[in-house]
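For reference, the structure is listed below as structure tokens.
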Amino acid sequence: MLELRSLTKRFSDPAAGARTVVEDFDLEVKPGEFCALIGPTGCGKSTVLSMVAGLERPSAGTILADGAELAGTDPRTGLVFQQDNVFPWKTVLGNVAAGPRFRGASRAEANARAMDWIRRVGLAGFEQHYPHQLSGGMRKRVALAQTFVNDPRILLMDEPFSGLDAQTRQIMAGELLELWEALGASVLFVTHDLEEAIALADRVVVLTARPATVKREFTVDLPRPRSPREIRFHPRFVELHEEIWSSLGDEVRTAYTRATTAS
């Protein structure tokens, strides 16, 4: 479904000239696969998502979807940001219906689709509420509905549950899995939380300290359907955590050493 070939991104830096953030990045995400990217802070994970979403142009390399080059924003992709980018002046219904309306749906059709997804994310009864009247977890549900209502085939998620308390984060993770299993989209999910990556994904990809490239890939051979909370007690979960951390830990230490010794 999604293929990244030799993807590279450089930014101009007034102090140091060109700065490479992502370099020779190769990855394939199969149809319906949930793939998690994990790596040190600032390694370039979010930049990879931005290039796939069409928000950043690669300096080199190719992005393919269904074998055809993906250039710029594409209606097959949906992006959930770290921050819930809801329109503060719109109600829950107006926020969720905005995507279909932008894509040409009539008001009646957009509202019907929005109401369906509002129900699916557990916000029935809050259709006429505004974002400032909602909790953080409820706004995250609005953000998910905003994305899922457009039926994306490639779902890009950039730490969508950051800022939530631990209990709400686990609830949201479980709801995400249920929604994803119903939708069947291919997912590229960025997180700093190794436990979250293992609990959600079919495959965890460890990235190097900047510039980001693929260091190792781990298949998460845990049964589905999963409860993100309960699966953490599975013996294989513990084994996977140790295996992946042995690879990830080296990159985290490298990034930390660079940050603390930089002049």
Side-chain angles (χ1 to χ4, degrees), residues 34 36-37 45-56 72-193 196 200 228:
F34 198 123
L37 302 182
K45 301 183 296 297
S46 295
T47 302
V48 172
L49 283 196
S50 293
M51 287 189 284
V52 178
L55 304 180
E56 293 281 355
T73 57
D74 189 285
R76 290 171 294 178
T77 64
L79 175 60
V80 181
F81 295 89
Q82 292 184 35
Q83 303 298 322
D84 44 82
N85 286 347
V86 295
F87 301 117
W89 62 90
K90 286 183 177 288
T91 63
V92 170
L93 177 60
N95 267 284
V96 180
R101 288 287 285 159
F102 291 153
R103 296 180 183 216
S106 68
R107 184 177 301 276
E109 180 188 353
N111 285 350
R113 289 168 57 186
M115 288 294 290
D116 178 46
W117 277 102
I118 289 169
R119 176 188 57 78
R120 293 196 202 189
V121 299
L123 289 177
F126 291 89
E127 296 87 352
Q128 299 306 321
H129 284 61
Y130 288 87
H132 73 272
Q133 298 173 305
L134 305 176
S135 68
M138 294 169 81
R139 289 196 299 272
K140 289 292 185 182
R141 287 188 173 93
V142 175
L144 289 177
Q146 280 180 313
T147 303
F148 278 79
V149 73
N150 293 314
D151 194 25
R153 307 314 303 155
I154 300 171
L155 183 60
L156 310 170
M157 309 191 79
D158 190 0
E159 296 192 74
F161 307 136
S162 62
L164 297 178
D165 62 81
Q167 293 83 3
T168 304
R169 190 168 183 142
Q170 286 194 4
I171 291 170
M172 292 298 301
E175 292 178 351
L176 169 62
L177 285 184
E178 291 180 6
L179 295 171
W180 163 69
E181 287 166 358
L183 188 68
S186 300
V187 179
L188 199 54
F189 185 96
V190 163
T191 181
H192 283 104
D193 188 329
E196 183 175 70
L200 293 174

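For residues 174-188, the set of pairs meeting the salt bridge (Lys or Arg N to Asp or Glu O under 4.0 Å) definition, not counting sequence neighbours, comprises Arg141-Glu175.
Arg169 pairs by the side chain to side chain donor-acceptor pair (under 3.5 Å) definition with Glu196, not counting sequence neighbours. With sequence neighbours left out, Leu134 forms a side chain to side chain contact (heavy atoms under 4.5 Å, CB included) with Val92, Phe126, His129, Met138, Arg139, Val142. Evaluation of the side chain to side chain contact (heavy atoms under 4.5 Å, CB included) rule for Gln128 yields Thr91, Leu93 as partners, not counting sequence neighbours. When the side chain to side chain donor-acceptor pair (under 3.5 Å) test is applied to Arg119, the partners found at least two apart in sequence or on another chain are Asp116. With sequence neighbours excluded, the residues forming a side chain to side chain contact (heavy atoms under 4.5 Å, CB included) with Glu159 are Gln82, Ser162, Val190, His192, listed by chain and number. The ring pair (Phe, Tyr, Trp, His ring centres under 6.0 Å) test applied to Phe161 returns no partner, not counting sequence neighbours. For Tyr130, the ring pair (Phe, Tyr, Trp, His ring centres under 6.0 Å) test picks out no residue, with sequence neighbours left out. Remark: Thr168 engages Asp165 in a side chain to side chain donor-acceptor pair (under 3.5 Å) (not counting sequence neighbours).
Using a 4.5 Å heavy-atom threshold, the side chains of Leu188 and Ile154 count as separate.
Put simply, OG1 on Thr73 and CG on Leu79 are 11.0 Å apart, with the number rounded to the nearest 0.5 Å.
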**Prompt:** How far apart are the C-alpha atoms of Leu176 and Phe189, what are their side-chain angles, what is the distance that settles it, and do they pass the side chain to side chain contact (heavy atoms under 4.5 Å, CB included) test?
**Reply:** CA-CA 11 Å; Leu176 169 62; Phe189 185 96; 3.9 Å; yes
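In terms of heavy-atom proximity, Pro88 sits nearest to Pro131 at O-CD, 3.8 Å. Across every non-hydrogen atom of Ala185 and Pro152, the tightest pair is CB-O, 3.4 Å.
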Sequence neighbours left out, cut at 3.5 Å: what donor-acceptor pairs do the side chains of residues 46-56 make with other protein atoms?
unit_1: Ser46; atom_1: OG; unit_2: Asp158; atom_2: OD1; d: 3.0
unit_1: Ser46; atom_1: OG; unit_2: Asp158; atom_2: OD2; d: 2.9
unit_1: Ser50; atom_1: OG; unit_2: Ser46; atom_2: O; d: 3.1

Just distance, no hydrogens or angles: give the donor-acceptor pairs under 3.5 Å from side chains in residues 100-112, sequence neighbours left out.
unit_1: Arg101; atom_1: NH1; unit_2: Ala105; atom_2: O; d: 3.1
unit_1: Arg103; atom_1: NH1; unit_2: Pro75; atom_2: O; d: 3.0
unit_1: Ser106; atom_1: OG; unit_2: Glu109; atom_2: N; d: 3.1

For residues 143-151, which side-chain N or O atoms pair as donor and acceptor with protein atoms under 3.5 Å away, sequence neighbours left out?
unit_1: Gln146; atom_1: NE2; unit_2: Asn95; atom_2: OD1; d: 3.1
unit_1: Thr147; atom_1: OG1; unit_2: Ala143; atom_2: O; d: 3.2
unit_1: Asn150; atom_1: ND2; unit_2: Gln146; atom_2: O; d: 3.3

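A donor-acceptor pair under 3.5 Å is formed between the side chain of Lys140 and the backbone N or O of Pro160.
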